[in-house]
Amino acid sequence: MNKVQAFYQLLDGVKGGQGTGNFAPELAQFVPIPGGRLMDIGCLDGCKTELIRDTIQAAEAYGVDFVPNRLLEAEERGIHTACVDLNNDLPLKFEDGYFDVVFCGEVIEHVFSPDDLVEEIARLLRPGGYAVITTPNLACWKNRIVLLFGWQPFFSEVSTRARYGNPLAPAGLPSGHIRMFTPRALRELAAVFNLKIERIAGTATPSGAHTLIGSLSRFLDKLIIPLVPTLADRMMMRFVKK
């Protein structure tokens, strides 16, 4: 096991699995394709894959990840799985255009080459199929403010052991983000591989901190995000393959 795998398995153990709490905003980005095929890149234990499969009425669901024990849980949910390191094992062993829908949730910020990952998503999709990609938003309203103070942006970390440079950052292990996107950057990268943006939405990152600042942040999220989704903590983009 290399350092990257060891880090994410430790993180998975601390967080206790993927869970489906607050997944409704992501599910709202999917449209049904009855009888189609779904690929979930970064499926972990398959609990979200299962929800997406049911939402789009897919006949088959596939998932890839590199945490073996979680993949066993996904298989118990009826997901076809493969243990894959996205930094080293692309392209995946599927023919071009094999999938109708591809989901890549909170993964692209963790890989060394997002170019390779987005190119693979485009290859896997059939013409007219669509992909939903979610990732933290470097240009969220909170980061625009903290940068004025010279603080490290939220979700943008310089360590695998602790969070530095932002006194308001949540406690605990860092998330391991190495590639941070603005909405414009993700849209331009996807366009290189003939993925055209069809929808953009945003959602706030759930906060368990019941502090004055936390409550104020949640209040402002409710006001800002419906009006300007590109200022949300996390962006959710749906792309169609030309």
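Model, not experiment: these values are computed from the prediction.
One finds no salt bridge joining Glu109 and Arg234 here, because no Lys/Arg side-chain nitrogen approaches an Asp/Glu carboxylate oxygen to under 4.0 Å.
Between the side chain of Arg199 and the backbone N or O of Arg238 there is no donor-acceptor pair closer than 3.5 Å. Checking side-chain atoms of Arg163 against main-chain N and O of Glu157 turns up no donor-acceptor pair under 3.5 Å. At least one donor-acceptor pair under 3.5 Å links the side chain of Asn137 to the backbone N or O of Ala232. Remark: the backbone N or O of Phe112 is paired with a side-chain donor or acceptor of Asn87 at under 3.5 angstrom. Counting only distance, with no hydrogens or angles, the side chain of Arg53 and the backbone of Glu60 share no donor-acceptor pair below 3.5 Å. Judged purely by atom type and a 3.5 angstrom limit, His110 uses its side chain to pair as donor or acceptor with the backbone of Gly176. Using modelled atom types, one side-chain atom of Asn143 and one backbone atom of Phe154 make a donor-acceptor pair closer than 3.5 Å. Ser175 places no side-chain N or O within 3.5 Å of a backbone atom of His177 that could act as its donor or acceptor partner.
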For this session: Start with the C-alpha gap between Val84 and Phe66, add the side-chain angles, then the distance that decides, and say whether side chain to side chain contact (heavy atoms under 4.5 Å, CB included) holds.
Result: CA-CA 5 Å; Val84 168; Phe66 70 174; over 6 Å; no
Problem set entry | Ile133 and Ile121: CA distance, side-chain angles, deciding distance, side chain to side chain contact (heavy atoms under 4.5 Å, CB included) verdict | CA-CA 10 Å; Ile133 300 176; Ile121 290 172; 4.2 Å; yes
For this session: Run the numbers on Leu27 and Ile52 for side chain to side chain contact (heavy atoms under 4.5 Å, CB included), then give the verdict.
Result: CA-CA 7 Å; Leu27 279 181; Ile52 299 169; 4.0 Å; yes
For this session: Using the side chain to side chain contact (heavy atoms under 4.5 Å, CB included) rule, take Leu220 and Leu216 through it: C-alpha gap first, then chi angles, then the decisive distance, then the call.
Result: CA-CA 6 Å; Leu220 291 175; Leu216 178 61; 4.1 Å; yes
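Residues Ile41 and Leu117 share a closest heavy-atom pair of CG2-CD1, 4.1 Å. Gly202 and Pro229 get closest at one heavy-atom pair: N-CB, 3.7 Å. Taking both residues in full, the closest heavy atoms of Phe155 and Cys140 are given as CE1-SG, 3.9 Å, listed atom of the first, atom of the second, then distance. Nearest heavy atom pair, residue Thr134 against residue Gly105, reads OG1-CA, 3.3 Å. A pairwise comparison of heavy atoms in Pro136 and Met180 identifies CB-CE, 3.8 Å as the closest pair. The two residues Leu125 and Lys241 have their closest heavy-atom pair at O-NZ, 2.7 Å.
Here the CG-CG distance, from Asn166 to Leu147, works out to 9.0 Å after rounding to the nearest 0.5 Å. We find the CG-CD distance between Leu168 and Gln152 to be 13.0 Å, quoted to the nearest 0.5 Å. Distance check, rounded to the nearest 0.5 Å: CG of Asp40 to NE2 of His80 gives 13.5 Å.
Neither Val107 nor Phe23 shares a network with the other; the hydrophobic side chains, linked directly or stepwise wherever heavy atoms of I, L, V, M, F, W or Y lie under 4.5 Å apart, form separate groups for each. Tyr98 and Tyr130 fall into different hydrophobic clusters, where Ile, Leu, Val, Met, Phe, Trp and Tyr are joined by side-chain heavy atoms under 4.5 Å apart, directly or via other members. Ile200 and Met236 fall into different hydrophobic clusters, where Ile, Leu, Val, Met, Phe, Trp and Tyr side chains are chained together by heavy-atom contacts under 4.5 Å. Using a 4.5 Å cut-off between side-chain heavy atoms of Ile, Leu, Val, Met, Phe, Trp and Tyr, with links allowed through other members, Ile79 and Val132 fall into different hydrophobic clusters. Residues Phe103 and Leu189 fall into different hydrophobic clusters, defined by Ile, Leu, Val, Met, Phe, Trp and Tyr side chains chained together at heavy-atom separations under 4.5 Å.
Here the side chains of Leu186 and Phe239 are in contact, with some heavy-atom distance below 4.5 Å. Looking only at side-chain heavy atoms (C-beta outward), Ile225 and Thr203 stay at 4.5 Å or farther from each other.
Heavy-atom neighbours of Lys242 NZ from other residues, nucleotides or ligands within 6.0 Å: above the threshold of 12.
Screening residues 117-143 for salt bridge (charged side-chain N to carboxylate O under 4.0 Å, His left out) gives Asp96-Arg123, Asp100-Arg126, Glu120-Arg123, Lys142-Asp221, Lys142-Asp233 as the qualifying pairs, with residues at least two apart or on separate chains.
Figure legend: Arg37 and Tyr62 shown without cation-pi pairing, the cationic atom not lying both under 6.0 angstrom from the six-membered ring centre and within 45 degrees of its axis.
Evaluation of the salt bridge (charged side-chain N to carboxylate O under 4.0 Å, His left out) rule for Glu188 yields Arg184 as partners, not counting sequence neighbours.
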